[in-house]
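Below is one structure; the comments refer to it alone.
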Amino acid sequence: MTDPIADLWTQQHRDAVPPDAEALARADARFRRRIRRRDAIEYVAGLLGASVFVVAAIQIPDWGVRLGCAAIILGMLVVLRNLWRRRPRAPDAALGAPSLAFYRATLVAQRDAVASVWRWYIAPPVPGILLLLLAILRVSAEHRPLWTAILAMVLTALPVVVVFWGIHRLNLAAAHRLQGMIDALDRGEV
C-alpha cells in the first residue's frame, strides 16, 4: 500500500527545475536598473522641489508661509531618506550571482515598500502642506472675503490631493505587478 501524499510530494520534487542562473542574474540586473532609474528621478525631483520651497521661503516675508515651506522641505528630506533606506541591497560579491532567495527577497522588499507608500512617501510632507495652506488662507483672508479665501485654498489643495491619490493608486498597481513577479518566481519562471 502506498501513501498518496508522500507520492505527490516526491513527484513534485522530481518535476521541480531550478531556474537558470544566467536568467536569474539578467532578471535581477534588469530589475535593479529600473529601481536605480526610478530612484534617480525621485532624488532629482525631490531636490528640485525642495529648492523651489527654499526660494519661496526666502522671498515671501510671511512667517506662516516660511514655516509651511520649511516643514515641506523637512518632509521632502524625510521622503528622500526613506527612499534611500528602501533601495535594493546589492548581492554580496563574494557569493557571485544573486541567488533565487536573494532575488525573491528583493522583490518582496520592493513590493512591501510600494504597497506602503502612503506611510513613508505621501505622509511626511502633508503637515507642511497643511501649514502652508493655512498660512495662505490667513494671508488671503486679510485681503478678500473669507469665503473666497477658503474657496481658493480648497482649489489649491484639490490638485495636491488628486496627485497624492494617484501616487497611491499607481504604487498599489506596482505592488500587484511585483506580487505577480514573485508568484512567477515561486512557480519556477524567471
Side-chain angles (χ1 to χ4, degrees), residues 12 15-53 56 68-69 71-92 97-133 153-190:
Q12 285 176 341
D15 294 343
V17 177
D20 179 24
E22 289 180 24
L24 181 63
R26 283 192 308 272
D28 183 61
R30 189 172 45 249
F31 182 69
R32 287 176 184 288
R33 273 193 309 274
R34 282 185 19 215
I35 298 299
R36 277 194 305 271
R37 188 177 23 224
R38 178 205 66 192
D39 289 355
I41 291 168
E42 291 288 342
Y43 295 138
V44 169
L47 293 174
L48 286 175
S51 65
V52 166
F53 284 104
C69 288
I72 290 172
I73 293 166
L74 180 63
M76 293 171 96
L77 293 175
V78 168
V79 167
L80 294 178
R81 179 193 56 95
N82 288 339
L83 188 63
W84 178 260
R85 287 182 52 226
R86 284 170 173 75
R87 73 190 187 286
R89 303 290 181 242
D92 188 356
S99 68
L100 180 65
F102 184 84
Y103 180 54
R104 187 182 189 288
T106 302
L107 292 174
V108 168
Q110 285 298 306
R111 180 206 58 203
D112 294 346
V114 297
S116 65
V117 76
W118 61 271
R119 187 180 64 220
W120 65 268
Y121 185 87
I122 294 173
V126 167
I129 292 169
L130 292 175
L131 282 173
L132 184 61
L133 288 172
M153 185 190 72
V154 168
L155 291 176
T156 303
L158 191 59
V160 174
V161 170
V162 169
V163 167
F164 281 0
W165 180 82
I167 290 169
H168 175 67
R169 296 298 301 169
L170 286 172
N171 278 278
L172 286 180
H176 183 69
R177 284 191 305 274
L178 285 166
Q179 184 59 50
M181 292 170 68
I182 294 165
D183 293 342
L185 199 62
D186 289 344
R187 289 190 304 269
E189 305 164 11
V190 176

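Since the structure is predicted, the reported quantities are computational estimates derived from the model, not experimental observations.
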To check you understand the geometry: which heavy-atom pair defines the closest contact between A71 and L131, and what is its length? CB-CD1, 4.0 Å

Are M181 and L185 close enough that some pair of their side-chain heavy atoms sits under 4.5 Å apart? no

Atom CZ of residue position R187 - does it have more than 12 heavy atoms of other residues, nucleotides or ligands inside 6.0 Å? yes

Determine, stepwise, if the pair R26 / E22 fulfils side-chain contact (heavy atoms from CB on, under 4.5 Å). CA-CA 6 Å; R26 283 192 308 272; E22 289 180 24; 3.7 Å; yes

How far apart are the closest heavy atoms of P125 and V79, and which atoms are they? CD-CG2, 4.0 Å

So which heavy atom on N82 is nearest to which on W120, and how close? ND2-O, 2.9 Å

Tell me the closest heavy-atom pair linking V117 and I167, and the distance in Å. CG1-O, 4.4 Å

Check side-chain hydrogen bond (donor to acceptor under 3.5 Å, both in side chains) between Q179 and all other residues, then give those that pass, not counting sequence neighbours. R111, D183

Is the count of non-hydrogen atoms from other residues, nucleotides or ligands lying under 6.0 Å from W118 atom CH2 greater than 12? no

Step-by-step side-chain contact (heavy atoms from CB on, under 4.5 Å) determination, L80 to L47: CA-CA 9 Å; L80 294 178; L47 293 174; 4.1 Å; yes

P88 and Q110 have their tightest heavy-atom pair at CD-NE2, 3.7 Å

If we check side chain to side chain contact (heavy atoms under 4.5 Å, CB included) with I72, which of these qualifies: L77, V52, I129, V126? I129

Hey, could you give me the CH2/CG distance between W165 and L170, rounded to the nearest 0.5 Å? 9.0 Å

Distance from R86 atom CZ to D39 atom CG, nearest 0.5 Å? 11.5 Å

Using only atom types and a distance under 3.5 Å, with no angle test, would you say the side chain of D28 pairs donor to acceptor with the backbone of L24? no

Please report the shortest heavy-atom distance between C69 and L132, naming the atom on each side. SG-CD1, 4.3 Å

Between the side chain of R87 and the main-chain N/O of W84, is any donor-acceptor distance below 3.5 Å? yes

Just do the side-chain contact (heavy atoms from CB on, under 4.5 Å) check on V114 and R38 with the steps written out, would you? CA-CA 12 Å; V114 297; R38 178 205 66 192; 4.1 Å; yes

